[in-house]
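We name chains A, B, ... by the order of the sequence lines, and we start the count at 1 in each one.
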Amino acid sequence: MSTELFAVKQELAAVNLYNILQRRKTLFRPLKSEQVFMRTCGPTVHDAPHLGNYRRLVVSDLLSRYLIFKGYKVKHVIDIVDITDKSIRGSEKAEMDLADYSNKYLQIFLDDAQYLNIRPENIYIKASETVDAMLKIVEKLMDKGYAYEKLHSVYFDISKLADYGRLSNIDLAKTRLGQSIDLDDYEKDSPADFALLKRATLSELKRGIYHKTRWGNVRPGWHLECAAVSQKYLGTAYDIHISGADETFPHCENIVAINRAFSGHSGAQYWIGAELILVDGRKMSRSLNNAVTIAHLKDNGYRGRDIRFFLLGMNYRKPISYSEKALQMARNTVKKIDTLIHRLQVIDNHTHDDPDVDQMIYDLHLDFDKALDDDINISGALAALFGFIGKINVPLAQSKISGPDARKIIKALEKINEILGIMDIGEQTLHRDVAELVQKREGARKAGNWQEADLLRDQLTALGVEVLDSQQGTIWRFK
RNA sequence: GGCGGCAUAGCCAAGUGGCUAAGGCAGCGGUCUGCAAAACCGUUAUUCAUGAGUUCGAAUCUCAUUGCCGCCUCCA
């Protein structure tokens, strides 16, 4: 029992992650030995999120699934940023209640997340429902002198925090602050100070979008929203914070600042940044007019698994170039895995010429884990998977895989898919009419009636069903 | 201007000091097949943006150069 426990601990200890705070890979050690507390920056819900917004969510999903696979319990909080300038303006323009407006886009986000097979166990928290925690934080920051009120807005005074800039490695003295910030909009002591609470505008007051505080009628700023959600649901110190690479400064830096001023702790121990999606060399974003929504991709025939694979198939610390071709590549790769699974599922023989399937599965797990342990090296992990598929395909083509072995292999793939979430392992069913066509074609082939068989194959293709004839019989798959 | 990062085959991509530079996609030739598809076998980088240096040894370390991206704006 004790040796088993030791083995488990050893295994748990093997994960390495690149921590932005230290700018290097470090061994991952959670604060509690068996549970990981993590948070991912969620979407702003003033419009339908796009592919670029989902990368960090898929990356954090992959990481949380891997940590669960490694034996940890994971509490993963994703905040929904539902009080922003854009959503306030957008809802006004749409003549909608802010909450209704936000909920409309939140629903799209949740549907997309499901489509992308993001774990339903994630905890989604609306910023608007965390205002109590925000005000508590501001209260304390005011008491400690980290914040000041000016004309009924409350700002964070970064000069009070000695090592402000540690996360993004920024030296404010050398930075062109004030050049890009429209100072006329603010009454801050210093351009780099950021708003914790903004005084409500006249229209916000009319619409009831404000909170009454001792500093005035205000609504919270973005950085405070994120800091409050994690503080309330994960505590002042937690394990992992995942965000987009473009959010390190000022957003994450400011979250760290709030956390450190509030509790002396940075919040998360490990800060992870997922890189961006590029379109023609530029960041995918709504403001650059190059955003692609999940709905759009869905309309173009991409399954959630295809898109998910596209988003997680490359090192999370490198930008991904979006293109139709790249997406097709992802789809083809997913298909390759599907085909193997379908072929395995129809095996019903008892050959005794078994290759050493157990050894292959053992190697697969070893290589797969080893790669992911190294800062989620997905390419290495996938190489292990494809190596395995190649090794299985040889005896499979020669009918040398027995039914029990096939099920063993499927089980191993299921295990891997708990992490990847891209395979389709469940039994698929065809519409009765379509299944009949497949049967009819089989009959025609057995009778040597090739013309009829080919005609039926064309019909099936038109219906989006491909038939693959192998020595084990005919299998089919969706195109 | 400051900070961070990237450059490896037709395309995507791993490898960060030492065995033949993983893997995927696409292509080509073959096997299988009634024909296809799928699968399999073979094939596709004497070379890692360029130049110099360190070293017995460099894609990997150092310096310089070039090109590209992100942040320094509530796009997120």
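- One P atom belongs to B:rU43, the other to B:rG53, and the distance between them is 37 Å to the nearest Å.
- Within the 4.5 Å cutoff, no side-chain heavy atoms of A:Met38 are placed close to those of A:Val77.
- Among the protein residues, A:Gly244 comes within range of no part of the nucleic acid, since none of its heavy atoms lies under 4.0 Å from any strand.
- Heavy atoms of A:Gly387 sit nowhere under 4.0 angstrom from any nucleic acid atom.
- Across the P atoms, B:rA9 and B:rG5 are found 23 Å apart, a figure rounded to whole Å.
- A distance of about 9 Å separates the P atoms of B:rG10 and B:rA45, rounded to the whole Å.
- The local environment of CD in A:Gln328 is crowded, with over 12 non-hydrogen atoms from other residues, nucleotides or ligands closer than 6.0 Å.
- Where stacking is scored as ring centres under 5.5 Å apart with planes under 30°, A:Trp450 registers as stacked on the base of B:rG34.
- Residues A:Phe28 and A:Tyr270 place their aromatic rings such that the two centres sit under 6.0 Å apart.
- Backbone-only engagement by A:Thr333 is indicated by non-hydrogen atom pairs under 4.0 Å involving sugar-phosphate atoms exclusively.
- Using C1' as the reference atom, B:rU62 and B:rU55 are 12 Å apart when rounded to the nearest Å.
- As judged by a 4.0 angstrom heavy-atom cut-off over every strand, A:Asn169 is placed among residues touching the sugar-phosphate backbone only.
- Counting non-hydrogen atoms of other residues, nucleotides and ligands closer than 6.0 Å to NZ of A:Lys150 gives a total above 12.
- Considering A:Glu442, A:Arg445, A:Arg457 in turn, A:Arg457 is the only one that fulfils the side-chain contact (heavy atoms from CB on, under 4.5 Å) rule with A:Val467.
- Computed from coordinates, the A:Arg317 CZ to B:rG4 P distance equals 15 Å when rounded to whole Å.
- Note on A:Lys325: every side-chain N or O is 4.0 Å or more away from OP1 and OP2 of B:rC25.
- Listed by first residue number, the stems of RNA chain B with at least three Watson-Crick or G-U pairs below 3.5 Å are B:1-7 with B:66-72, B:10-12 with B:23-25, B:27-31 with B:39-43, B:49-53 with B:61-65.
- Atom name P, nucleotides B:rU65 and B:rC25: the rounded distance is 41 Å, in whole Å.
- Among the nucleotides B:rC75, B:rC69, B:rC72, the one closest to any side-chain atom of A:Pro250 is B:rC72.
- Checking the phosphate oxygens (OP1, OP2) of B:rA14, a side-chain nitrogen or oxygen of A:Asn315 falls inside 4.0 Å.
- Under the 6.0 Å cut-off for aromatic ring centres, A:Trp215 and A:His152 do not qualify, their centroids lying 6.0 Å or more apart.
- Comparing A:Arg89 and A:Ala245 by the nucleotide of RNA chain B that holds the closest heavy atom to each, the one mapping nearer the 5' end is A:Ala245.
- Shown here is A:Tyr233, whose OH atom has more than 12 heavy atoms of other residues, nucleotides or ligands within 6.0 Å.
- A residue-by-residue look at A:Ile83 and A:Pro319 shows that A:Pro319 has its nearest nucleotide of RNA chain B further toward the 5' end.
- Between A:Trp222 and A:His251, the ring-plane angle classifies as parallel under the 30° and 60° cut-offs.
- When the shell of 6.0 Å around CG of A:Asn300 is examined, it contains more than 12 heavy atoms from other residues, nucleotides or ligands.
- The A:Trp222 side chain lies nearest to B:rC74 when the options are B:rC74, B:rG2, B:rG24.
- The distance between the ring centers of A:Phe109 and A:Tyr124 falls below 6.0 angstrom.
- Here A:Lys283 lies in heavy-atom contact (under 4.0 Å) with a base.
- Close to B:rG24, at under 4.0 Å from its OP1 or OP2, lies no side-chain N or O of A:Asn332.
- The gap from the C1' atom of B:rA14 to that of B:rG27 amounts to 22 Å, rounded to the nearest Å.
- Among the atoms of the strands shown, none is found under 4.0 Å from any heavy atom of A:Gly273.
- Residue A:Lys318 places at least one side-chain N or O under 4.0 Å from the OP1 or OP2 atom of B:rA14.
- B:rC63 and B:rA58 are spaced 15 Å apart, taking the C1' atom of each and rounding to whole Å.
- Nearest heavy atoms, A:Leu63 versus A:Ile376: CD1-CD1, 3.9 Å.
- With C1' as the reference atom, B:rU44 and B:rG29 are 12 Å apart, rounded to whole Å.
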Close N/O contacts between protein and nucleotides 35-41 of chain B (under 3.5 Å):
| unit_1 | atom_1 | unit_2 | atom_2 | d |
| --- | --- | --- | --- | --- |
| B:rC35 | O2 | A:Arg457 | NH2 | 2.8 |
| B:rC35 | N3 | A:Arg457 | NH1 | 3.1 |
| B:rC35 | N3 | A:Arg457 | NH2 | 3.2 |
| B:rA36 | N6 | A:Asp469 | OD2 | 3.1 |
| B:rA36 | N1 | A:Asp469 | OD2 | 3.2 |
| B:rA36 | N3 | A:Arg457 | NH1 | 2.7 |
| B:rA37 | N1 | A:Asp469 | O | 2.6 |
| B:rA39 | O4' | A:Arg343 | NH1 | 3.1 |
| B:rA39 | O3' | A:Asn393 | ND2 | 3.1 |
| B:rC40 | OP1 | A:Asn393 | ND2 | 3.1 |

